[in-house]
Structure formats: C-alpha cells, structure tokens
Amino acid sequence: MKPAVLHVEDLTIHFGGIHALEAVSFFVKEQQIVGLIGPNGAGKTTVFNLLTGVYQPDRGDIYLENKSLLRKKTYQRCRMGVARTFQNIRLFGDLSAADNIKVAMNDQFRYPLASGIIRGRGYRQGERSAAEHADLLLDMMGLGGNADLMARQLPYGQQRKLEIARALAARPKILLLDEPAAGMNPTETEELKDMIRMIRDQLGISVLLIEHDMNVVMDLCEFIFVLDYGRIIARGTSDKIQNDAKVIEAYLGGELNGDYA
Ligand SMILES: Nc1ncnc2c1ncn2[C@@H]1O[C@H](COP(=O)(O)OP(=O)(O)O)[C@@H](O)[C@H]1O
Ligand SMILES: [Mg+2]
C-alpha cells in the first residue's frame, strides 16, 4: 500500500458562530489525485487555508509525511512541500510568465524537479539555471510560446495554468488546486486534465483537487472526499460517490451530472 503524503486528523475551525469545519479527517497517498468536493460554502477552501497555515485550527492536526505542520508558518510549509493555487488568480500581472515562475523558486531550482525528465533533457543535477527550470515548467503547462508575455496579457485559461506552473516551482510534494478549471473552455479543461495527470505521473507529485466540474473530478480522482456544512459526508471512488444518497442530496441532484454552473 502507498504511504500517505498528507494526512489530516480531526480538523476543526469556526469563524464566530459558523462551524466552517468539524472533525474533518482525510488523507492523500503518494502519487494520488484526490478530490475534495462539496457545495459552495462547504468548507473546501478553508481546508486549503488550514493546510497552508493561513488559519490555525481550533482542533486537529495536519501531517506531511508524518511530520506535523501545525506549528509551521506558511513559508515553512511551502519549503516542506505544500504548494497551492488560489480560487481567484493571484499572479504578478506586470511580470512575464517566466518571471512569475522564477520569483517562486527561491534557491530550489538547484535541485531536480523530476530527475527522469531532467536527465532526458540532458540536464544534470544542480546545473540548471532558474531560466531553464522555468522553461521546463512553462512547456509542461503549455505556455512555452508565451514565456515573455506579461501575465495579465495571457488569456484567462493560460493564467490559471501559469498559476499551477508557479506552484510547481517550489518543488512540492503535494499540490493543492482550488477550482483550476473554473472559467476554462472545454478545450482548455481537457488540456488541464492531461497536465494534472502529467504532474502526478512525470513529476511524482500528489494532488488534492477542489473542483466543481464533475467531469474533471470523476475522470481524474482515484479517491474523493465530499464535504457538506464542514463535515465529510462521504468518501470513496468516483463510482461510489456518484451513487451515494447523501452526496446526491447535498448537491440536490443536478451538479453531479457534470453541468454545475
Ligand atoms: N475568514 C473567514 N471569516 C469568516 N468566515 C469564513 C472565513 N473563511 C471562510 N468562512 C466561512 O466558512 C465557510 C466555508 O467557506 P469556504 O471554505 O470558502 O467554502 P467553499 O470553498 O467550500 O465554497 C463559509 O460559511 C464561509 O463564509
Ligand atoms: Mg472555495
């Protein structure tokens, strides 16, 4: 059995009277793509904010490869291997696509992202410049031709892909994606699915995916956790989740068919 990269135990937080999360436990194993789904306001983004140290939980713990993250600051968690994208794009609009990636690298570009790819391209460990590393990520995310454009000049779908490339610059062990397909057209969404698979298969990175597009979730995710009103109401494979009475009720029927607005 694969070991867990990320393991969350009994995570609980409230904002004033709102119990945003109540006793949430889940795990993501090595090289898994795991879905975190649920209706608006269910608490999905709050999970990411807890994982990245934006909020502190009232109760519970978070383990990355069995090490607790609870007392670590956001930048420390990033160095330890937790990277995220945001529901609303946060790029440096006036920096080029390539520079958006380079600023996220720190000194990490000295180490191989995925030795297989890098050796295949003739790079040796520690010899790549930040620019070369940025190029690798830009190519992977289909942005190779637009490296020198300012982020704000890119079409919306490409900005979302650039955000993912930037998150990968920190060489994470786990990538947290918050609604990456939001606002993408069907072609971009299909490309995104392939890219997320590449991130897992070629870079060996685990992915925790928040996504409303059920086609994306059901196609990609080996395992899915469903949140509703801050609690996990169901867990399992896509087949199991699609037929779970509580999940169908939480979504009032329609959204699980893939046409969530
Ligand atoms: N910083 C905050 N202050 C107050 N309430 C918050 C805060 N962040 C999230 N919430 C509340 O927590 C609940 C879950 O929100 P969120 O995690 O954004 O849901 P989702 O991402 O599933 O749509 C909502 O009721 C939201 O209003
Ligand atoms: Mg959200």
Side-chain angles (χ1 to χ4, degrees), residues 6 8-28 33-62 69-70 72-74 77 82-91 156-157 159-161 163-164 166-167 172 174-184 189 192 196 207-218 220-221 223-236 238 241-242 244 246-261:
L6 180 76
V8 160
E9 193 63 54
D10 197 29
L11 219 49
T12 299
I13 187 171
H14 73 282
F15 301 106
I18 298 169
H19 287 265
L21 294 175
E22 185 62 43
V24 168
S25 299
F26 67 87
F27 54 85
V28 180
I33 302 173
V34 169
L36 183 62
I37 67 170
N40 274 326
K44 305 179 296 296
T45 297
T46 301
V47 170
F48 279 15
N49 285 330
L50 286 166
L51 293 176
T52 53
V54 176
Y55 302 146
Q56 280 298 317
D58 300 337
R59 204 175 72 219
D61 211 335
I62 300 160
L69 297 181
L70 212 55
K72 305 288 182 192
K73 298 196 173 9
T74 299
R77 296 183 199 208
V82 181
R84 83 180 288 184
T85 63
F86 292 89
Q87 198 169 341
N88 304 307
I89 292 175
R90 297 189 189 180
L91 291 165
Y156 183 81
Q159 291 190 22
R160 295 210 79 105
K161 289 169 183 165
E163 270 222 309
I164 297 173
R166 188 178 60 175
I174 185 158
L175 176 65
L176 314 175
L177 297 175
D178 200 345
E179 302 195 24
M184 285 192 180
T189 302
L192 175 75
I196 294 173
V207 177
L208 181 61
L209 175 69
I210 296 176
E211 182 51 58
H212 276 310
D213 184 332
M214 286 304 140
N215 292 320
V216 175
V217 173
M218 298 302 165
L220 283 181
C221 296
F223 206 83
I224 298 167
F225 293 88
V226 186
L227 267 180
D228 192 27
Y229 293 108
R231 291 173 187 270
I232 302 275
I233 60 162
R235 64 187 70 206
S238 54
I241 292 300
Q242 276 170 301
D244 186 293
K246 275 189 276 181
V247 177
I248 292 165
E249 195 191 323
Y251 276 94
L252 299 171
E255 294 160 16
L256 278 182
N257 297 326
D259 51 9
Y260 185 88

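Count residues from 1 along the sequence. Counting starts at 1 for both ligands and their atoms, in listed order.
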Review point. Below 4.0 Å from any atom of ligand 1, is there a heavy atom belonging to Gly43?
Key: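 Under 4.0 Å: yes for Gly43.
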Number the atoms of ligand 1 from 1 as they appear, then name those within less than 4.0 Å of a heavy atom of [X], with their elements.
{"X": "Tyr55", "answer": "1 (N), 2 (C), 7 (C), 8 (N)"}
{"X": "Thr46", "answer": "9 (C), 14 (C), 15 (O), 16 (P), 17 (O)"}
{"X": "Ala20", "answer": "12 (O)"}
{"X": "Lys44", "answer": "17 (O), 19 (O), 20 (P), 21 (O), 22 (O), 23 (O)"}

Review point. Would you say the side-chain atoms of Arg160 pair up with the backbone N or O of Thr85, donor to acceptor, closer than 3.5 Å?
Key: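 Side chain of Arg160 to backbone of Thr85, a donor-acceptor pair under 3.5 Å: no, none is there.
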Check your understanding: Is the Phe225 ring parallel, tilted or perpendicular to the Phe26 ring (thresholds 30°, 60°)?
Key ->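 If you compare the ring of Phe225 with that of Phe26, the planes turn out tilted.
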Side chain proximity check, [X] to [Y], heavy atoms < 4.5 angstrom:
{"X": "Val226", "Y": "Asp244", "answer": "no"}
{"X": "Asp178", "Y": "Phe86", "answer": "no"}
{"X": "Ser25", "Y": "Val8", "answer": "no"}
{"X": "Ile13", "Y": "Asn49", "answer": "no"}

Taking [atom] as the reference point, the nearest protein heavy atom with its distance:
{"atom": "atom 25 (O) of ligand 1", "result": "Ile18 CG2, 3.8 Å"}
{"atom": "atom 18 (O) of ligand 1", "result": "Thr45 CB, 3.8 Å"}
{"atom": "atom 23 (O) of ligand 1", "result": "Gly41 N, 2.7 Å"}
{"atom": "atom 11 (C) of ligand 1", "result": "Phe15 CD1, 3.9 Å"}

Check your understanding: So does Arg90 have more than 12 non-hydrogen atoms from other groups sitting under 6.0 Å from CZ?
Key ->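 It does not: Arg90 CZ has 12 such atoms or fewer within range.
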Practice item. Determine if the distance from atom 27 (O) of ligand 1 to the closest protein heavy atom is below 4.0 Å. Key: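 It does not; no protein heavy atom is within 4.0 Å.
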**Study point:** 4.0 Å protein heavy-atom contact status of atom 6 (C) of ligand 1, strictly under
**Key:**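 Within 4.0 Å: yes, protein heavy atom nearby.
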Exercise for review: Flag Thr45 as yes if one of its N/O/S atoms falls below 2.8 Å of the Mg ion (ligand 2), otherwise no.
Suggested key: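 True for Thr45.
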**Study point:** Smallest separation among heavy atoms of Leu70 and Asp61, with atom names
**Key:**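 For Leu70 and Asp61, the tightest heavy-atom pair comes out as CB-OD1, 3.5 Å.
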